[in-house]
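Letters A, B, ... are given to chains in the order of the sequence lines, protein chains preceding strands, and every chain is numbered from 1.
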Amino acid sequence: MSHSLVSFDFQQLQSKWSALWLQKNLYAVPSSSEKPKKYVLVEFPYPSAAGLHMGHCRNYSMMDVYSRYFRMKGFNVLYPMGWDAFGLPTYNYAMKVKRDPHEVSAENVLVFKRQLQELGLSFDWDREIDTTDPQYYKWTQWIFVQLFNHYYNAEYTREDGGKGMARPMEELQIPPEVSDEGENAVREYQDLYRLAYKAKMPVYWCPFCKSGVANEEVTAEGTHERCDTPVEKRELEQWMLRITAYADRLIDDLTMVDYPLSVKSAQSNWIGRSEGITITYPVKGTDHSVTVFTTKPETNFGATFIVAAPDSNFIKTHSDLFPNKEAVDKYVSESLRKSDIQRLAEGKTKTGVFTGMYAVNHFTGKDMPIYVSDFVLGSVGTGIVVGVPGHDLRDFDFATTMGLEVVRVIVGEDKDESFIKEKAQIIQEGTVVNSDFLNGMNADDAREKIMSVIEEKGYGKRQKNYKLRDWVFSRQHYWGEPTPMVYCEHCGWQAVSFNELPVELPRLDDYAMGEDGSSPLEKAEEWKKTTCPSCGGAATRETDVMPNWAGSNWYYVRYLDPKNDNELVDKKVVKDWMPVDIYDGGSEHVTLHLLYSRFIYKFLYDLGTVPTQEPYKVRRIHGVVLGPDGKRMSKSKGNVINPDEIVAKYGADIVRMYVMFMGPYEGNLAWSDETLNGVRRFLNRVSDRIVEKIASPAVSEDTKITIQLEVLAHRIGSDITALKFNTSIAALMEFLNAHESVSWTNKQIATFLTILAPFAPFLAEELWSQLGNSESIHLEQWPKTRENDDSGTIEIPVQINGKIKARIHVEKNMSQENVIALFIKENAQFADAVAGGKVVYVPGKILSITAQG
RNA sequence: GCCGAAGUGGUGGAAUGGCAGACACGACGGACUUAAAAUCCGUUGCCCAAAAGGCGUGAGGGUUCGAGUCCCUCCUUCGGCACCA
């Protein structure tokens, strides 16, 4: 491999300096310090067999510059790294090559670590964590046990004044009629409230991964987001986490954090809170009733029918009463066979069957026929909706198909009461009509009014509804944290006691998943056998493991105290460091990982383990490095750029600076060898010119260069703070372009190298030592800064009626009067314009004149 | 449909309401070289032969001495959510 393209011997520099930095443990971060703290977090990678991706290089390099800058500014900066090694890719790969995932994972970690170290990233390796290390997952399991041992008291007022808190199970009030029935009844009652609970329910199942997957991991196309296989639904008994208990806090606390608006809205869309009311209508001729949920009760005078979902409880429990039972049963069994995806694919034509029963509208007294239709989802609200065809597009479609009455109850300014489809919606700021006591009110007031009436008369109750579902937390895999639960015939599910943690993953002869979907751990007969923590009798271990999110929910807390064997984290240490000051990551994690980790962190907050309500003060979303063809890099497209090859060819400094220079932080940017060449030329010039300047430094100081260096230090500092790494590098280039042909003093050379150091740590260190320094440049303070050069003269444009007509040289601090006088002296032809017009002088920027007429 | 982001040269992209196109790539011309690579110098938004001049930040309005930037109305692209009641 030829180095002739690079004018410095980067291989020699890298091996020399990285060895020395490691030996001196240059980037070790003390847990406590007089300095202000800054916690810089990047998403930790799963170490796949393919090695580091170019995207990792870019993201970690950018935040490395950020960390190095703040270190030089006097902060105690924590920039840690670890391994999210329980990822599915590692497991799938191990299965493919038929090896123990432990071994494969350990090898991958070594490759990743070597690659990261070669890039000169300033991680504190003493704090390295690995989610597959039993000393780490001991605490992942501990969190699970705590979830099992707590319930959510939504009425509890916390110390911070907020409402709702996880409380120990012992505090849960057991109704007397339950405790009268004995121990088993009490246990069953408690199980209904635990934050981790086992439930048999239809869950998505991935036939490729042979495992259940969370709703959140299924794409809109109905495929598993990890492997793109279409998912099925199966009934499985699974551990669930009651994330829904935290739904309000997960939405409301977004006001406490600085995330991009798009991220906040993705989070709250995902949780999908809607506020409305339930209404219970009597079923005509029976003593039964039907309960709907609606967010638009002000339209209730326009309600003309009721529709229940095929899988709703109402249909299940009333089917024998329906006059049209036969037709209903047929429809229900047909639609239950269809998947959600199928139903949606069948298009907009609504189908349904009349049950033969009627509900009575409280307000109009009219009979509303009760239908069953699959456009209503059993899992949403009460699984039953009230049809208001005048103001809902779906209801309108259904009414049209079934020939049902349409009543208009809200009109816009045009007062048009016709029933065309386009008008079948709520009119913003509309006026209520045809609605008795609501007539003439605007829609918002009418909603409040009718909700109060509904509650007063006992027809229903205000309620919040969420799209968010509880989190399926079981996977039928091998490569995950064992769920620390045992099953006892007498005592039911019991948590493993603290001194038994961690429950280690047993080694197996065959790690493959069972064809029937059973966990590979089912085969660990000896491991499965255990004793019940409660009665001491024989018990069996849970064989499902946790999903790959489990370890990444809380890893940023463990970095603070990675070797603590007595607590998840030391109380004082976590108080000193949290929250994370900036969390850099990808857009693919803005819903799931962010939501899950915020949930678990809030739970830890309720336990008193962590000191703040939110884990991440600032979240930023970096862009993606695309292949040279502008598409996402992938093996199958053959457009993958391998970091090892590029680093071997150009060296770490050039690669680091190129990936930052290629475009803005948040941009998705195509790889370009040509642009990389520009950076290579720049660093060659830096090396060549600085070596020359060291050989013959200036004898007397050119203060202009000194001032320009101070301006440069300021500009780059503020650019780095704003994550504008591309323009920082442009500023370095501009400076060298302007001053490369003259000699600098040693002091000036030193300052320039200090500013360069965060970007090109190896070359800067080398030239620094050639300058005669024995300590590392990376322990230097950031140089003196100056906001702008306000000495000397400057050329400014003169704008007349919006057009540049002249240029004048002015002193930077000259007054408006003097500038105008100077202008007229040099440009007498504009004297009249100035005298009769409006004149604005923006110091150092522009002189603007607007002539009259 | 709802929510969010973004539209600037041949390309990636700069620009606290103040000289649009910084910086870099590419292209063209030149120097060096037997030649290539590497390096160095010059030109490079568009129109016009050039100068002068004019036109230019998706479109159209507006605010302002001054708008890529702020406001209104559109268009287009990308991302997220979606028969969510």
- Sugar-phosphate only, base, or nothing, as touched by Arg681(A) at under 4.0 Å among non-hydrogen atoms: sugar-phosphate
- Between U69(B) and G18(B), how far is it from one P atom to the other, in whole Å? 11 Å
- Starting at the 5' end of RNA chain B, which residue's closest nucleotide do you reach first, Ile846(A) or Leu261(A)? Leu261(A)
- Query: On a whole-Å scale, what distance lies between the C1' atoms belonging to U44(B) and G10(B)?
  - Reply: 11 Å
- Message: I'd like to know if the side chain of His362(A) reaches the main chain of Thr280(A), judged simply by a donor and an acceptor atom lying under 3.5 Å from each other, with no hydrogens or angles considered.
- Response: yes
- Query: With rounding to whole Å, what would you report as the distance between U57(B) and A14(B) at their C1' atoms?
  - Reply: 12 Å
- Take the protein atom CD1 of Ile621(A) and the nucleotide atom P of A6(B), then report the distance between them rounded to whole Å. 14 Å
- Task: Please state how far atom CG in Leu594(A) lies from atom P in G4(B), giving the value in whole angstrom units.
- Result: 18 Å
- Assign Asn726(A) to base, sugar-phosphate, or nothing according to its heavy-atom contacts below 4.0 angstrom with the strands shown. sugar-phosphate
- Is a side-chain donor or acceptor of Asn726(A) paired with a backbone partner of Met660(A) at a separation under 3.5 angstrom? no
- Which whole-number value in Å describes the distance from Leu626(A) CG to G13(B) P? 10 Å
- Query: So, Tyr466(A) versus Trp270(A), ring centres under 6.0 angstrom or not?
  - Reply: no
- Is Arg273(A) paired with Asp248(A) through a side-chain N to carboxylate O contact shorter than 4.0 Å? yes
- Could you tell me the separation between the CH2 atom of Trp671(A) and the C1' atom of A24(B), rounded to a whole number of Å? 15 Å
- Message: Taking any heavy-atom pair under 4.0 Å as a contact, classify Lys724(A): base, sugar-phosphate, or nothing.
- Response: sugar-phosphate
- Query: Is any side-chain nitrogen or oxygen of Ser672(A) closer than 4.0 Å to OP1 or OP2 of U11(B)?
  - Reply: no
- Item | Chi class for G9(B): syn within 90° of 0, otherwise anti | syn
- Between A22(B), A85(B), G80(B), which one does the side chain of Asn269(A) approach most closely? G80(B)
- What about Lys467(A): does its side chain form a donor-acceptor pair under 3.5 Å with the base of C81(B)? no
- Message: Counting the atoms with a prime plus P, OP1 and OP2 as sugar-phosphate, which does Arg715(A) contact under 4.0 Å by heavy atoms, base, sugar-phosphate, or nothing?
- Response: nothing
- Looking for any heavy atom pair under 4.0 Å, which part of the strands does Pro260(A) touch: base, sugar-phosphate only, or nothing? nothing
- Calculate the interatomic distance between Arg632(A) atom CZ and C78(B) atom P; express it in whole Å. 15 Å
- Shortest side-chain distance from Phe293(A), nucleotide among A38(B), A85(B), C65(B): A85(B)
- Task: Measure from the side-chain N and O atoms of Ser335(A) to the backbone N and O of Tyr331(A), and report whether any donor-acceptor pair falls under 3.5 Å.
- Result: yes
- Task: Select base, sugar-phosphate, or nothing to describe what Gln799(A) touches, counting heavy atoms under 4.0 Å on all strands.
- Result: base
- Identify whether any heavy atom of Asn465(A) sits under 4.0 Å from a base atom; if not, whether one sits that close to sugar-phosphate; answer base, sugar-phosphate or nothing. nothing
- Any donor-acceptor pair under 3.5 Å between the side chain of Ser265(A) and the base of C3(B)? no
- Answer with yes or no after comparing the ring centroid distance for Phe398(A) and Phe305(A) against a 6.0 Å cut-off, counting only values under it. yes
- Task: Quote, to the nearest angstrom, the P distance that separates C23(B) from G42(B).
- Result: 13 Å
- Message: Taking Glu455(A) first and then Arg462(A), would you say they form a salt bridge - that is, a charged N and a carboxylate O separated by under 4.0 Å?
- Response: yes
- If the P atom of G4(B) is compared with that of A59(B), how far apart are they to the nearest Å? 24 Å
- Rounded to the nearest Å, what distance is computed from the CD1 atom of residue Ile804(A) to the P atom of nucleotide A67(B)? 11 Å
- Task: In whole angstrom, give me the gap between the C1' atoms of U8(B) and C84(B).
- Result: 41 Å
- Would you check if Leu723(A) and His622(A) make a side-chain contact, meaning some heavy-atom pair closer than 4.5 Å? no
- Message: Considering every strand and a 4.0 Å limit on heavy-atom distances, what is the contact class for Arg273(A): base, sugar-phosphate, or nothing?
- Response: nothing
- Using atom P of each nucleotide, how far apart are G68(B) and C19(B) to the nearest Å? 10 Å
- Message: Just to be sure I understand the rule, does Glu795(A) reach a base, reach only the sugar-phosphate, or reach nothing, if contact means heavy atoms closer than 4.0 Å?
- Response: base
- Task: Quote, to the nearest angstrom, the P distance that separates U43(B) from A51(B).
- Result: 13 Å
- Note on the structure: Checking G12(B), C83(B), A15(B) against the side chain of Leu669(A) (C-beta onward), the nearest is G12(B)
- Using atom CG of Asn668(A) as one end and atom P of C78(B) as the other, report the distance to the nearest whole Å. 13 Å
- Query: Roughly, in whole Å, what's the span from CG in Asp688(A) to C1' in A38(B)?
  - Reply: 12 Å
- Message: Using a 4.0 Å heavy-atom cut-off, does Phe682(A) contact any base of the nucleic acid, only the sugar-phosphate backbone, or nothing at all?
- Response: nothing
- Contact check, side chains of Thr351(A) and Asp374(A), non-hydrogen atoms, under 4.5 Å: yes
- Task: Verify the contact: side-chain N or O of Asn677(A) to OP1 or OP2 of A24(B), cut-off strictly under 4.0 Å; return yes or no.
- Result: no
- Mind checking whether Tyr650(A) and Phe10(A) have ring centres under 6.0 Å apart? no
- Range-with-range stems of RNA chain B (Watson-Crick or G-U pairs under 3.5 Å, three or more in a row): B:1-7 with B:75-81, B:10-12 with B:23-25, B:26-31 with B:39-44, B:45-47 with B:53-55, B:58-62 with B:70-74
- Query: Between Lys838(A) and C65(B), is there a side-chain N or O to OP1/OP2 distance below 4.0 Å?
  - Reply: yes
- Task: With RNA chain B as reference, determine whether Leu847(A) or Gly663(A) sits nearer its 5' end, using the nearest nucleotide of each.
- Result: Gly663(A)
